[in-house]
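Here is how names work: the chains are called A, B, and so on, in the same order as the sequence lines, proteins then strands, and each is numbered from 1. As the structure is a computational prediction, the values presented were derived from the model and not from experiment.
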Amino acid sequence: MEQIMRLNEVMAGETHLVQDVKTDDEEMRAFLFRLGCYEGEPITLISKRKSGCVVAIKDGRYSLDNYLAEAIVV
Amino acid sequence: MRIAFAGNPNSGKTTMFNALTGRNEKVGNWAGVTVGRNEGPFKAEYGAENIAVDLPGAYSMSPFTPEEGITSSYIRDEHPDAIINIVDATNLSRSLFFTTQLLELGIPVVVALNKSDINDKENTKIDAEKLSTKLGCPVIKTVSTDDKNNGLADVAAAAISLMGKGQKAPYLQADIDLHDKAAVDAEDRKRYAFVNQIVKDVESREVKSSDTTVQDKIDNIVTNKFAGIIIFAAVMWAVFSISQTYVGPWVADYLVGWIESFKEWVAGQLENSPAILSALLADGIVGGVGAVVGFLPLVMVMYFLIALLEDCGYMARASVVLDPLFKRVGLSGKSVIPVVIGTGCGIPAIMACRTIRDERERRATAMLATFIPCGAKMPVIALFAGAFFAGAGWVTTLMYAMGLALILLGALLVSAVTGHKFRRSFFIIDLPKYKWPSLKRAFWSMMERAKAYIIKASTIILVCNCVVQIMQTFNWHFQVVEEGMESTSILATIASPFAVLMIPLGFGAWQLAAAAITGFIAKENVVGTIAVVFAITNFIDVDELAMTGGANAVAATMGLTSVTALAYLAFNLFTPPCFAAIGAMRSEMNHRGWLWSAIGLQFSTGYTVAFLIYQFGTLFTEGHFGTAFIPGLIAEAAMVLAIVLISKKIRADFDKKYELHNNVQAA
């Protein structure tokens, strides 16, 4: 089975390319898309906390909760 | 001509709007400050015949939240003559997605590369000329927050010069079936690819956005699970105690002194006039309005501090830190911003709920946000803290903490009643760069609110005080009420039935009932009415009153103990807010059931909290329950029953819907 990695398993400071946004929630996918988070785009994990993480997408900083972070496959 | 201001959230649209029109609309350093449309003519030097239309921020023309819908439908349906597209130059790659959509509409566009000062600092270079060629529209570097060399005059002139011209689109969406999701997705991707190529061509960066900065280190601390909560509590406590315990009262002391002397002067002038006239003018108007205006410095200091807080970028972090807590009760971090705004005024707080995507969360937040005491409730708190608790800071802190606790408990109740199954909603928030808050902007924001406060005091509150004064002076035969016969006055007979309901809460006096009722028109009225019905003006400097009047005159006159005073205060704070806020709730909820449930919940909450404080407070201080414990308990039982019935009905309706759905699927 192919190993997939979710954003919440990434180490702080690492940049990865987004592979997929795995969710049933179409809204979530579309929302992330508008910020520039979609397949092939880089995403950097700036820091992690228990309830979520801070990421850099394009030239912006966002705080995501774990629900979102788990949906982003890198 | 009409010029629309559009762009991503927090790109500085309203700051530019304010600079070009001279208006003073709310600005703040987080995404989603502007939730409605603002219109105003340009300042004369930019051409006063042009109307600027400030719109809420949006990431694209397809809206997600109600406030984004306002933007896309205005641009699409109201045909502005030109669009000023404010682009956050520090995040060009995200912003241009929306820009290319705007360029497709045929309306002339001017791109303002805002926040160019930050780019200069970070040595990020954008070739504006090249970008202009690629987009096919003027591109001008701007710094809206700056007074000079800000590029704003150029932007205005460019927009005006495009009047009547069309707009060629650099990128046109292919003719696709807009219902075909895959096709739309593919098109959007192509658009992003187009944007990425442009950015690559025109932008060069020295600082990579993915590098960890000092700002990220600050974020680590302020969004830490434990430290973050402590910092949030400390920040809010500082705002309230500086405005209400330290700086505010110090300034208010002087103001109240002047109002007192003015009142005496008016009374002196009226010495030979009929007693009624002097009562109406000196006690009703000057006394009542003066009592409210006396608290202005406290309110002003608080508005100033909140403006600083909103400007520095902390609000988004507060949302992050409280998100886990709010999620647990069925709200989200997005509900934090309405709550913080609610410390200023409930109406913008309720409107700020528009940025919440989930409908249930949005309505629940609008329902609960006004539990946090607003600026108008602040004089009420200050009055009671001063008169009954020697100005003790803990009363203020307790009231705000209680407001927050009631929001959380209320949210739990709403979740339970609606049978909400904790559908997981996702939370993402833009973390804007911190900046030093502008003292000048905070000052003007404070002056704007102060102006509104004075206008309110000299209109609504003045009228209410006059009416109250007249109603308590006359009886139903329009004869002047004699001394000792006060309970026959119009006011007393109207308020008495309500006062009966409040006996289980410890304050069954008609004067207090009257004050609570006028409070629904505007909460400051509680102070004004108390001033009128008990004929007291100086609430700030109660020490002086104590010296002249022997005991604590205010407390003695009102006939309340510290327990009943606290109960009465809580009742006024946690019952429904003013009518204006209820109106805002009605339009944001857009659902009659939710609105009435909100009003019902707020009444029940105010009543219950006051009941508990009075009865248990009396139990602790005097060793027995207060008067009318059993009737109060019956009232409480009725409220619980109502909530259970509503919940049953909602669940039944929900099941019915579900059933119907099943049938459709089966067929």
Side-chain angles (χ1 to χ4, degrees), chain A residues 5-74, chain B residues 8 10 31 58-60 62 64 88-95 97-98 124 181 184-185 188-189 192-193 195-196 199 203 205 208-213 215-217 219-220 223-225 228 316-317 319-321 323-325 327 332-333 357-358 423-433:
Chain A
M5 185 153 71
R6 311 263 173 168
L7 186 64
N8 58 331
E9 300 162 58
V10 168
M11 301 283 282
E14 286 180 11
T15 302
H16 290 265
L17 294 186
V18 177
Q19 308 287 340
D20 192 10
V21 177
K22 268 204 182 329
T23 174
D24 308 327
D25 191 344
E26 261 320 306
E27 246 182 52
M28 184 199 282
R29 192 197 308 277
F31 197 90
L32 287 172
F33 178 83
R34 305 188 317 162
L35 304 178
C37 174
Y38 55 96
E39 293 100 286
E41 284 290 316
I43 185 166
T44 307
L45 195 89
I46 302 291
S47 66
K48 264 203 232 188
R49 16 167 239 284
K50 200 171 164 234
S51 56
C53 58
V54 174
V55 295
I57 301 169
K58 290 196 178 273
D59 297 316
R61 285 272 191 288
Y62 306 89
S63 172
L64 314 180
D65 60 6
N66 282 330
Y67 184 37
L68 266 168
E70 283 162 23
I72 299 171
V73 181
V74 292
Chain B
N8 283 178
N10 207 29
Y59 292 112
S60 87
S62 3
F64 259 79
D88 180 349
T90 65
N91 199 342
L92 193 63
S93 48
R94 184 190 70 197
S95 314
F97 185 83
F98 187 40
T124 302
K181 230 193 61 56
V184 173
D185 264 13
D188 281 348
R189 256 155 243 243
Y192 244 136
V195 167
N196 286 346
V199 174
E203 185 191 74
R205 277 179 177 270
K208 272 206 307 192
S209 305
S210 52
D211 293 344
T212 306
T213 62
Q215 305 231 353
D216 294 316
K217 288 189 182 126
D219 279 347
N220 276 344
T223 62
N224 176 280
K225 195 176 160 197
R317 278 76 184 184
S319 306
V320 171
V321 87
D323 177 59
L325 181 64
K327 241 183 215 142
S332 87
R357 272 175 312 107
D358 182 78
R423 181 182 85 93
R424 287 186 79 177
S425 72
F426 61 90
F427 175 67
I428 175 165
I429 193 164
D430 213 320
L431 296 179
K433 288 198 167 78

Where on [X] is there a heavy atom nearer than 4.5 Å to chain A: the side chain, the backbone, both, or neither?
X: B:Arg317; value: neither
X: B:Lys433; value: neither
X: B:Ser62; value: backbone
X: B:Asn224; value: neither
X: B:Tyr192; value: both
X: B:Thr90; value: backbone

Using atom types as modelled and distance alone, determine if a side-chain donor or acceptor of A:Asp65 lies under 3.5 Å from a backbone N or O of B:Phe427.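 Yes; at least one donor-acceptor contact below 3.5 Å.
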So, does A:Arg61 use its side chain to make a donor-acceptor pair with the main chain of A:Val54 at under 3.5 Å?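 No, A:Arg61 side chain to A:Val54 backbone: no donor-acceptor pair under 3.5 Å.
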Option from A:Asp25, A:Asp20, A:Asp24 for which salt bridge (charged side-chain N to carboxylate O under 4.0 Å, His left out) with A:Lys22 holds: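 With A:Lys22 as partner, A:Asp25, A:Asp20, A:Asp24 yield a single salt bridge (charged side-chain N to carboxylate O under 4.0 Å, His left out), made by A:Asp20.
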Which one of B:Asp216, B:Thr212, B:Asn220 has the most heavy-atom pairs closer than 4.5 Å to chain A?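 If we count pairs closer than 4.5 Å to chain A, B:Asp216 comes out on top.
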So which residue, B:Ser93, B:Pro324, B:Ser210, ends up with the most heavy-atom pairs under 4.5 Å with chain A?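 Top option by heavy-atom pairs under 4.5 Å: B:Ser93.
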Run the side chain to side chain contact (heavy atoms under 4.5 Å, CB included) test on B:Asp430 and B:Asn10 for me, step by step, so that the C-alpha distance in whole Å, both residues' side-chain angles and the decisive distance to 0.1 Å come before the verdict. CA-CA 9 Å; B:Asp430 213 320; B:Asn10 207 29; 5.7 Å; no
Is it the side chain or the backbone of [X] that comes within 4.5 Å of chain B heavy atoms, both, or neither?
X: A:Ala30; value: both
X: A:Tyr67; value: both
X: A:Arg49; value: side chain
X: A:Ser63; value: both
X: A:Lys50; value: side chain
X: A:Leu45; value: neither

A:Cys37 vs A:Ile43, side chain to side chain contact (heavy atoms under 4.5 Å, CB included): CA-CA, chis, key distance, verdict: CA-CA 7 Å; A:Cys37 174; A:Ile43 185 166; 4.2 Å; yes
Under a 4.5 Å cutoff for heavy-atom pairs, which residue among A:Leu64, A:Ile46, A:Thr15, A:Leu35 has the most contacts with chain B?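 So the answer, after comparing A:Leu64, A:Ile46, A:Thr15, A:Leu35, is A:Leu35.
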Can you tell me how far apart CD1 (B:Ile428) and CD1 (A:Ile57) are? Round to the nearest 0.5 Å.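 Between B:Ile428 CD1 and A:Ile57 CD1, I get 5.5 Å after rounding to 0.5 Å.
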I need the B:Lys181 NZ to B:Asp188 CG distance, nearest 0.5 Å.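 Answer rounded to 0.5 Å: 9.5 Å.
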Evaluate B:Glu203 against B:Thr124 for side chain to side chain contact (heavy atoms under 4.5 Å, CB included), listing each step before the verdict. CA-CA 7 Å; B:Glu203 185 191 74; B:Thr124 302; 4.0 Å; yes
Apply the test side chain to side chain contact (heavy atoms under 4.5 Å, CB included) to residues B:Phe98 and A:Arg34: give CA-CA distance (whole Å), side-chain angles for both, the deciding distance (0.1 Å), then the verdict. CA-CA 9 Å; B:Phe98 187 40; A:Arg34 305 188 317 162; over 6 Å; no
For A:Lys48 and A:Asn66, does a side-chain donor sit closer than 3.5 Å to a side-chain acceptor?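 Checked: A:Lys48/A:Asn66 side chains show no N/O donor-acceptor pair below 3.5 Å.
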